[in-house]
Amino acid sequence: MKIKLKLTRIIENALKDADIKADDIVISDATKPEFGDYQFNGVMKLAKILKQNPRQIATRVIEHIDTTGIIKKVEVAGPGFINIWLDNGWLSAQATAIVNDDRVGVGYFSSNQKVVIDYSGPNMAKQMHVGHLRSTIIGDTLANLLEFLGDEVIRQNHIGDWGTQFGMLIAYLEERDTDGNTQELKDLEQFYKDAKVRFDQSQEFANKAREYVVKIQSGDRHCLRLWQSFIDASLGHCEEVYSKLGVKLTRDDVRAESFYNPQLPKVIQTLEKQGLLTLSDGAKCVFLEDWDTPVIVQKGDGGYLYATTDLAGLEFRAKELKANRICYVVDARQGQHFKQVFAIAKQANMVNESVKLEHIGFGTMMDKGGKPFKTRDGGVIKLIDLLDEAVVRAKASIKERDAYSQEELDNIANVVGIGAVKYADLSINRESNYIFSWDKMLSFEGNTSLYMQYAYARIQSILRKYNQEEIKGDIIISDETEHRLALMILKFEDTLIKASIDATPHTITSYLYDVVTLFMKFYESNPILKGGIEEEIKISRLQLAKLTASVIKKSLDILGIRVVDKI
RNA sequence: GCACUCAUAGCUCAGCUGGAUAGAGCAUCGGUUUGCGGUACCGAAGGUCACAGGUUCGAAUCCUGUUGGGUGUACCA
């Protein structure tokens, strides 16, 4: 339900009827319950332009507001605020209408776009570590969200599979792997270290490694086969992580660095043709206004750089994939790189002016001391290890473990543990750094996944006691708590739209927290299954509980977090 | 040096592109129950929104400066 849009139209009409010219009408949520449900604050600005008393204007506007249906009452308050209360009858009807709707009342975008979302982007030379978590889950959430709202989403996993380190790796693979056994690739970190040691020790090996880099690039069959088997093994590790995380990336979404490699000379040509290229200290550069340092697109030795690949990628996504919006979910530290690359792509006409290019940046994961999150000896934490630990910790936190079968217990631990890691990350404004804390994320209290999953399980427990077929009837809003809960549920669509524009998953989590908190209050004060409750009221409350469960489930679904009926 | 970014309660975070008395959770103190899952709910206390100016009827939010952290700054990705 697009409530804000409805109210905006009503105010627009009221202003028109009152003969007041205004654009940019913004309806906002009321800051406090006593100020109603929504408020319009624009009158004060208008008063200034019109040089009239704001309260008088507000009064005039109010007289022209059409209150049939959605609005119960409007009031002028303070210096000229217009406060709006929504009608319970209207809320009841709207809520009742979506109880069995699997989209929970959320519509589709009227103009759907093609959106490319570039996320995860692991390096094939190593295993995924904690640094890859944010890109992977923020990107996946954004993809889920836009898909749900009706955009055509193209997921792109820009894996790092090209570069000098692969010469060393495949030379070592060949040396170690004479019988075709790739068991050693189980731990890529170790494999990389071993290869490096060999590289540093043996001149002969180092030469071979360098030779192999050239051979891969020139398409040597033997080396390409080795390289391919290495990439396959490494990608397999990533897929294990994606599967544990419930991230939807597949092999079809992989568009690797190597894919763009053949296009790189053309990128240089294009830049040359557009007159953007400058030779400086032997390197081919693009100098941009407002930047002291140029962007190097081809090194003095002829090699290309990641800016070159990104330009090829941008052109491919805009022209071949025909995207209207391209989002890069990449660490905030690459902010200026993307600003520069985006500017070049547009100037060189590689990307049409109308295409929206966005860097969805995010901060770093920190430990309790506010330092980048590392193992005790300063190494990187492998993502797979982190996820496994989350599941182990989740299992330990489950009370009455005897009540479940081993299978149930494993499933719950998975849902809870993985959910906790993801939720903790997604619930924080992506642009800031955040402090990783097991205790906080696995808590039942506050804005955590467990609080939501627990509320969901409680509702399921209530619904189980009732025959689903018998739950038929209207939601009747009879008090303030129900009013607030129903309204919050109906704000789902407005929330998702905002989250999609800003690309902020935490907008969804804080909304969800509001919903669940309101439900808990409702649940506390309005008993459902206790004796002595009228059937009509009981059904209404059951329906409201059911609707709350739908919102919880759908929200978590978009965030890529599962629920269970029992915890 | 230059650029970007951040600074809100003891701690972890919100604050919706300027609105009314700045909000949550944790921790602290107190309360609720013959309980539909109490891993819940209610309340108290806790703030010079880093600092100083400016714009405005109105600033945590916009502008300038200062201080303090983080990050990035031409042949890595």
* **Parallel, tilted or perpendicular, as decided by the 30° and 60° cut-offs, for the rings of Phe316(A) and Phe259(A)** =>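 Rings of Phe259(A) and Phe316(A): perpendicular, as their planes differ by over 60°.
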* Taking the inter-plane angle between the rings of Phe522(A) and Phe519(A) on a 0 to 90° scale, is it parallel (under 30°), tilted (30 to 60°) or perpendicular (over 60°)? ->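 If you compare the ring of Phe522(A) with that of Phe519(A), the planes turn out tilted.
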* To do: Report the C-alpha separation of Asp310(A) and His337(A) in whole Å, then their side-chain angles, then the decisive distance to 0.1 Å, and conclude whether the side-chain hydrogen bond (donor to acceptor under 3.5 Å, both in side chains) test is met.
  => CA-CA 10 Å; Asp310(A) 276 342; His337(A) 163 72; 2.7 Å; yes
Distance between the [atom1] atoms of [N] and [M], in whole angstroms?
N	M	atom1	result
A14(B)	U8(B)	C1'	10 Å
A40(B)	A77(B)	C1'	49 Å
G46(B)	A24(B)	P	14 Å
G23(B)	C16(B)	C1'	13 Å
U5(B)	U61(B)	P	16 Å
C49(B)	C6(B)	C1'	14 Å
C62(B)	G19(B)	P	11 Å
C29(B)	U71(B)	P	38 Å

* To do: Test the Lys491(A)-Tyr511(A) pair against the cation-pi criterion, namely NZ or CZ under 6.0 angstrom from the six-membered ring centroid and within 45° of the ring axis.
  =>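 The answer is no, since Lys491(A) fails at least one limit relative to Tyr511(A).
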* Looking just at side-chain N and O atoms, do His132(A) and Asn123(A) make a donor-acceptor pair shorter than 3.5 Å? ->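 No, Asn123(A) and His132(A) have no side-chain donor paired with an acceptor closer than 3.5 Å.
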* Does one side chain, of Gln263(A) or Asn261(A), offer a donor that lies under 3.5 Å from an acceptor on the other? ->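 Judged by distance alone, the side chains do not pair up.
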* Asked: RNA chain B: Asp502(A) or Gln165(A), which has the more 5' nearest nucleotide?
  ->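 In this pair, the answer is Asp502(A).
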* Return the 5'-most residue of the pair Trp291(A), Leu529(A) with respect to RNA chain B, ranking by each residue's nearest nucleotide. =>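 Between the two, 5'-proximity favours Trp291(A).
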Without decimals, in angstroms, what is the distance between [X] [atom1] and [N] [atom2]?
X	N	atom1	atom2	result
Asp331(A)	G70(B)	CG	C1'	12 Å
Glu431(A)	G15(B)	CD	C1'	15 Å
Ile49(A)	C57(B)	CD1	P	12 Å
Ile567(A)	G38(B)	CD1	C1'	15 Å
Leu450(A)	G25(B)	CG	P	17 Å
Phe342(A)	C4(B)	CZ	P	18 Å
Phe519(A)	G37(B)	CZ	C1'	11 Å
Ile459(A)	A40(B)	CD1	C1'	13 Å

* To do: Flag yes if more than 12 heavy atoms outside Glu189(A) fall under 6.0 Å of its CD atom; otherwise flag no.
  =>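 Yes, the 6.0 Å shell around CD holds more than 12 heavy atoms from other groups.
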* **Other residues, nucleotides, ligands: >12 heavy atoms within 6.0 Å of Glu536(A) CD** =>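 12 or below, so no.
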Tell me what [X] touches on the nucleic acid: a base, only sugar-phosphate, or nothing, going by heavy atoms under 4.0 Å.
X	value
Tyr523(A)	base
Asp494(A)	nothing
Lys521(A)	sugar-phosphate
Ser28(A)	nothing
Phe522(A)	nothing

* Ranges pairing with ranges for RNA chain B, where each run has three or more Watson-Crick or G-U pairs under 3.5 Å ->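 For RNA chain B the paired stretches long enough to count as stems (3 pairs minimum) are B:1-5 with B:69-73, B:10-13 with B:23-26, B:28-32 with B:40-44, B:50-54 with B:62-66.
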* RNA chain B-proximal residues of residues 332-340 of chain A, any heavy atom under 4.0 Å ->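 Output list: Arg333(A), Gln334(A), Gln336(A).
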* **Glu75(A) vs Ile82(A), side-chain contact (heavy atoms from CB on, under 4.5 Å): CA-CA, chis, key distance, verdict** => CA-CA 6 Å; Glu75(A) 257 179 30; Ile82(A) 293 178; over 6 Å; no
* Which is it for Thr548(A) and Leu518(A) under the side-chain contact (heavy atoms from CB on, under 4.5 Å) test, yes or no, and what are the steps along the way? -> CA-CA 10 Å; Thr548(A) 304; Leu518(A) 284 173; over 6 Å; no
* Would you tell me if any nitrogen or oxygen in the side chain of Lys465(A) comes within less than 4.0 Å of OP1 or OP2 on C36(B)? =>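 False: Lys465(A) side-chain N/O out of range (4.0 Å or more) of C36(B) OP1/OP2.
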* Phosphate-side-chain proximity, Tyr511(A) and A24(B), N/O vs OP1/OP2 below 4.0 Å ->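 Looking at the OP1 and OP2 atoms of A24(B), neither is under 4.0 Å from any side-chain N or O of Tyr511(A).
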* Could you work out which one of G37(B), U73(B), C41(B) sits closest to the side chain of Thr293(A)? =>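 Shortest atom-to-atom distance from the side chain points to U73(B).
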* To do: Would you check if the distance from the ring center of Phe338(A) to the ring center of Tyr328(A) is below 6.0 Å?
  =>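 Yes, the ring of Phe338(A) comes within the 6.0 Å limit of the ring of Tyr328(A), centre to centre.
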* Could you tell me whether the side chain of Cys327(A) reaches within less than 4.5 Å of the side chain of Tyr119(A), counting heavy atoms only? =>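 Counting from C-beta outward, Tyr119(A) and Cys327(A) never come under 4.5 Å.
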* Less than 4.5 Å apart, any side-chain heavy atom of Lys371(A) and any of Met366(A)? ->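 Not in contact.
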Protein N or O to nucleotides 12-14 of chain B N or O, pairs below 3.5 Å:
from: U12(B); atom 1: O2'; to: Lys440(A); atom 2: NZ; distance (Å): 2.3
from: C13(B); atom 1: OP1; to: Ile435(A); atom 2: N; distance (Å): 3.1
from: A14(B); atom 1: OP1; to: Asn429(A); atom 2: N; distance (Å): 2.8

* Asked: What is the per-nucleotide protein-contact pattern of nucleotides 18-23 of chain B, from the 5' end, where B denotes a base atom under 4.0 Å from a protein heavy atom, S denotes such proximity for sugar-phosphate atoms only, and - denotes neither?
  -> -BBS-S
* Provide the full list of side-chain hydrogen bond (donor to acceptor under 3.5 Å, both in side chains) pairs with a residue in residues 496-509 of chain A, sequence neighbours left out, each pair given once. =>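 Qualifying pairs: Lys498(A)-Asp502(A), Thr504(A)-Thr507(A).
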* Can you tell me which residue pairs pass the side-chain hydrogen bond (donor to acceptor under 3.5 Å, both in side chains) test with a partner in residues 421-434 of chain A, sequence neighbours excluded? =>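 Pairs touching residues 421-434 of chain A that pass the test: Arg134(A)-Asp425(A), Tyr423(A)-Asn447(A), Asp425(A)-Tyr434(A).
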* Using a strict cut-off of less than 4.0 Å between a Lys/Arg side-chain nitrogen and an Asp/Glu carboxylate oxygen, indicate whether Arg484(A) and Glu482(A) qualify as a salt bridge. =>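 The answer is no: the pair does not qualify as a salt bridge.
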